[in-house]
Amino acid sequence: MAAALAASFYDRRTERVARDLLGAILRCVTPEGVAAGRIVETEAYLGEHDAACHAAAGRTARTEGLYGEPGTAYVYFTYGMHWCANAVTRRAGLPSAVLIRALEPLEGIALMRERRGPVRDRDLANGPAKLCEALGITGALNGVPLRRSPLTIHHGTAVPDRAVAVTPRIGISKAVDRPLRWVDIRSDCLSRPHRPTPRSRTSR
DNA sequence: TAAAGGATTTTCT
DNA sequence: GAAAATCCTTTAC
């Protein structure tokens, strides 16, 4: 197992961290066992000025974790039933993070199948809430350091050849099925007030 | 293959 | 009271 990413890895521009997390290994150790996968899709949330970021609503009980130390987990509950996991970026006080959107299962696949129920293997972790279910990630891990903890991210051995980096407001789903493609931050996405575009109706 | 709608509860207005 | 960084099933083409 490669070393866990250092805290300094996360204390950089969020867009850069999002790109560099592609290919890294997300691993979660629980009493039920170990499950891990290669990160193949990420999404950057840039701060209070990014209307798609939870921090756009300001500092609240829910978003407190976003303001934490770089390299800690921001895990939130949404739609009444799903957990989603982020890696907090930049120094404490700057509420930005990278949402982990999809994994290629690598370790503990039997456990993932058990947790996810009767789905195709390709659907085990190809979504932000699916991967949390597959790895056993819940809000109990919110705020934990992503180094030397049950939830860790390790150096990967190679950039995946089928992945997508996703930036705010340019939602792309089903990434695992798509070829590698970088989507650059568009300057007009970062300043203009907006509502997040429905994922199913965006580009392509 | 795509679109539409329901599930379910926290959060903020 | 409405929306939500989603997922799954059903229905339509």
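Per chain, numbering begins at 1; letters A, B, ... match sequence-line order.
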remark   = Writing each nucleotide of DNA chain B 5' to 3' as (, ), [, ], | or . by Watson-Crick or G-U pairing under 3.5 Å yields |||||||.||||.
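As a member of the Ile/Leu/Val/Met/Phe/Trp/Tyr network built from side-chain separations under 4.5 Å, A:Leu111 groups with nothing else and remains a singleton.
Remark: A:Arg16 engages A:Arg12, A:Arg13, A:Arg19, A:Asp20 in a side-chain contact (heavy atoms from CB on, under 4.5 Å) (not counting sequence neighbours). Residues passing the salt bridge (charged side-chain N to carboxylate O under 4.0 Å, His left out) test with A:Arg27, sequence neighbours excluded: A:Glu107. Taking A:Asp121 as the reference, A:Arg113 meet the side chain to side chain donor-acceptor pair (under 3.5 Å) condition, with sequence neighbours excluded. Judged as a salt bridge (charged side-chain N to carboxylate O under 4.0 Å, His left out), and not counting sequence neighbours, the contacts of A:Glu32 are A:Arg115. Residues passing the side-chain contact (heavy atoms from CB on, under 4.5 Å) test with A:Pro95, sequence neighbours excluded: A:Glu48, A:Ala55, A:Leu66, A:Tyr67. Applying the salt bridge (charged side-chain N to carboxylate O under 4.0 Å, His left out) test to A:Arg90 and every residue at least two apart in sequence or in another chain returns nothing.
For the pair A:Cys28/A:Leu141, a side-chain contact is recorded, criterion being any heavy-atom separation below 4.5 Å from C-beta on. A heavy-atom distance below 4.5 Å is not found between the side chains of A:Thr42 and A:Leu99.
If you measure from atom NE2 of A:His54 to atom P of B:dC12, you get 10 Å, rounded to the nearest angstrom. Summarising the geometry, the separation between CZ on A:Arg116 and C1' on C:dC8 is reported as 9 Å, rounded to the nearest angstrom. Per the geometry, CG belonging to A:Asn142 stands 11 Å off P belonging to B:dT11, to the nearest Å. Here the P atom of nucleotide C:dC8 and the CZ atom of A:Arg120 are 11 Å apart, to the nearest Å. Taking atom CG on A:Asn126 and atom C1' on C:dC8, their separation rounds to 12 Å, with Å as the unit. One can place CG of A:Leu66 at 14 Å from C1' of B:dT11, the figure rounded to the nearest angstrom. Atoms OH (A:Tyr76) and C1' (C:dC7) sit 13 Å apart, rounded to a whole Å.
Among pairs with a residue in residues 136-153 of chain A, those fulfilling side chain to side chain donor-acceptor pair (under 3.5 Å) read A:Thr152-A:His154, at least two apart in sequence or across chains. Residue pairs satisfying the side chain to side chain donor-acceptor pair (under 3.5 Å) criterion with at least one member in residues 69-86 of chain A, sequence neighbours excluded, are listed as follows: A:His54-A:Tyr74.
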Can you check nucleotides 7-10 of chain B for protein contacts, nitrogen or oxygen pairs under 3.5 Å, and list what you find?
from  : atom 1 : to      : atom 2 : distance (Å)
B:dT8 : O2     : A:Tyr79 : O      : 2.4

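Across residues 127-135 of chain A, A:Gly127, A:Pro128, A:Ala129, A:Lys130 each have a non-hydrogen atom less than 4.0 Å from an atom of DNA chain C (numbered order).
The side chain of A:Arg59 contributes no N or O atom lying less than 4.0 Å from OP1 or OP2 of B:dT11.
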